[in-house]
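These notes are about the structure you will find just below.
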Protein chains: 2
Amino acid sequence: MSFRHVFQKYIDNADACLDLLLYKDENVLIIKDGFPKALRHYLIIPKSPDKTQIHPLLVFQKDPQFYKMIEEYVTKTKKLIMDDLFAAGLLKFDKTDTLATHEFMNRFIKAGVHSIPSLSNLHIHIITQDFYSSRLKHKKHYNSFTTEFFVEFYRLEPPQTDLEDQMGYGYDSSSSQNTDDGPYPTQSISVRHEMDPLKLQNVISKSPLKCTYCGATFANRFVHLKKHLQEEFVKKFAVAPEDTNS
Amino acid sequence: MSFRHVFQKYIDNADACLDLLLYKDENVLIIKDGFPKALRHYLIIPKSPDKTQIHPLLVFQKDPQFYKMIEEYVTKTKKLIMDDLFAAGLLKFDKTDTLATHEFMNRFIKAGVHSIPSLSNLHIHIITQDFYSSRLKHKKHYNSFTTEFFVEFYRLEPPQTDLEDQMGYGYDSSSSQNTDDGPYPTQSISVRHEMDPLKLQNVISKSPLKCTYCGATFANRFVHLKKHLQEEFVKKFAVAPEDTNS
DNA sequence: TATTCCGATAGTGAC
DNA sequence: GTCACTATCGGAATGAG
Ligand SMILES: [Zn+2]
Ligand SMILES: [Zn+2]
């Protein structure tokens, strides 16, 4: 078994990832990413043999029921993160502040998939948008979560009507043309996802580094970005700078 | 005074390079290169203020007398190296073996200049062709001595007749079209030296690495070349491999 | 192509 | 795009007053 199939080992025997395991049932494992790229970085790993080797941009395409099931686990995982951050005293707002909590859950925690996963078993990332982690070591790490290479989960929702395969592209049922200013996407239109490997490799290796908080750009200066992310982190979270783990 | 003019300090006061100084008189300093790129790597530094800031490919062009003077120091310096290598017991042949000694002096020790010197004061390199040194750290180091970027001293000899400036190119009075198989070049023809900075930069940064002993090529694999040069060194010289200083 | 430091880029191997 | 390791490649500073 190569590194590409490490999650299969976890599916076959959750005891193999006890130190990372947060939740398991008949449908999924929820684990901590072994090399978290942000303050909290969890993974949902569906167990179904019929799904686990399907490309994440295609696996939900004709199975609204599967999408809906995973959607519930996404919400569950975001709640796990919120509970953990509150318990750790890392948030600057109180649990009773439902507006701030809602905003954080639905904006600052993102769920999604990589357009080209390196690990072959289907997995959905649930990750805070600080990207403040010693494991975030190079541009591709960062750009794999902050460019179109990362496709948010809600954009994978299949349409109500059964559309054609659309030339093999994954499709996107999203609100990207929604002019509503609501808190997060609710409507759907059909949009293709880029699946060309060369274009996607170019996206993560060549896209200029851009701060997810403020939009500041850093070209290819990764170390500069890291320092900036630390500054953003200490502003956003309830920690002393010396406690940080860049 | 910037790093580019460090040799001027030596010219003004040879005491500033006592640890490197091998010889001095009214015309030149002969010193060890402070960062030797081979087993022996010496420098001849002419002291004349009229010459020291002239480009090495041009400085001999209309001054056969100056060339002849430096030529004597080149021979002197090669003899210094031979004496030192014999004294150190590094050679596999005896001082009485005049054929081997002659061959080593005239083939394995080369004199020449860099087409684009980084240090502005005129200096002529006298260097053994093993390139076995911990100070040889990257491709440009190696290629600056093993490509056309390095112009051998004998090719700088001005012609007997006073030729025109030839469009600002340095010229080369060499035996490159000499069909004689003699031990080393003795005749002269006039050939231009490449002086275009971009082309020369390309030569040292892009030329594939090639062993000076056997012609083996290593593309850009510098570490591979280094290991090979160590193998060649222990074959060529009287040393145990563990004594080496790669 | 002076050195040195730092950092960005690239290839490999992993069973 | 898994990691970790090695190595290649690339820019910047360097001083003086
Ligand atoms: Zn920012
Ligand atoms: Zn060789």
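By convention in this document, chain letters (A, B, ...) are assigned in the order of the sequence lines, proteins followed by strands, and residues within each chain are numbered from 1.
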Produce the list of close N/O pairs, under 3.5 Å, pairing protein atoms with atoms of nucleotides 9-15 of chain C; give distances to one decimal.
residue	atom	partner	partner atom	Å
C:dT9	OP1	A:N220	ND2	3.1

Interface with DNA chain D, restricted to residues 108-126 of chain A and to heavy atoms under 4.0 Å = A:H114, A:I116, A:P117, A:S118, A:L119

Separation of atom [atom1] in [X] from atom [atom2] in [N], rounded to whole Å:
| X | N | atom1 | atom2 | value |
| --- | --- | --- | --- | --- |
| B:H141 | C:dT4 | NE2 | C1' | 11 Å |
| B:R135 | C:dT3 | CZ | C1' | 9 Å |
| A:F222 | C:dA8 | CZ | C1' | 11 Å |
| B:F7 | C:dT1 | CZ | P | 14 Å |
| A:K227 | C:dG7 | NZ | C1' | 10 Å |
| B:K137 | C:dT1 | NZ | P | 11 Å |

Would you list the pairs meeting salt bridge (charged side-chain N to carboxylate O under 4.0 Å, His left out) in which at least one residue belongs to residues 33-58 of chain A, sequence neighbours left out?
->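 Every pair satisfying salt bridge (charged side-chain N to carboxylate O under 4.0 Å, His left out) with a residue in residues 33-58 of chain A: A:R40-A:D84, A:K51-A:D63.
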
5' to 3' on DNA chain D, which nucleotides open and close the contacts with chain B (atom under 4.0 Å from a heavy atom)?
->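 Listed 5' to 3', the contact boundaries are D:dA7 to D:dA16.
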
Secondary structure of DNA chain D per the Watson-Crick/G-U criterion (both distances under 3.5 Å; [ ] crossing, | other strand, . unpaired) is .|||||||||||||...

For B:H224, look at atom NE2 and say whether over 12 heavy atoms of other residues, nucleotides or ligands are found less than 6.0 Å away.
->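 Atom NE2 in B:H224 is not crowded, with 12 or fewer foreign heavy atoms closer than 6.0 Å.
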
How are the rings of B:H114 and B:F150 set to each other: parallel, tilted or perpendicular (split at 30° and 60°)?
-> perpendicular

Give the C-alpha distance, both sets of side-chain angles, the deciding distance and a yes or no for ring pair (Phe, Tyr, Trp, His ring centres under 6.0 Å) between B:F233 and B:F131.
-> CA-CA 9 Å; B:F233 185 83; B:F131 300 110; over 10 Å; no

Looking just at side-chain N and O atoms, do B:Y10 and B:D12 make a donor-acceptor pair shorter than 3.5 Å?
-> no

Could you verify whether a donor N or O on one side chain and an acceptor N or O on the other, from A:T52 and A:N121, lie under 3.5 Å apart?
->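 Side-chain D/A pair, A:T52 to A:N121: present.
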
Provide the distance between the two C1' atoms, one in C:dT3 and one in D:dG15, to the nearest whole Å.
-> 15 Å

Heavy-atom check, side chain of A:I204 versus side chain of A:T147, under 4.5 Å | yes

Go through the steps to decide whether B:H123 and B:F7 satisfy the test ring pair (Phe, Tyr, Trp, His ring centres under 6.0 Å), and finish with yes or no.
-> CA-CA 9 Å; B:H123 56 285; B:F7 292 160; 5.2 Å; yes

Residues in contact with DNA chain C, drawn from residues 28-50 of chain B - heavy-atom cutoff 4.0 Å = B:F35, B:K37

Can you check ring pair (Phe, Tyr, Trp, His ring centres under 6.0 Å) on B:Y213 and B:F108, steps first, answer last?
-> CA-CA 10 Å; B:Y213 292 88; B:F108 199 77; 5.8 Å; yes

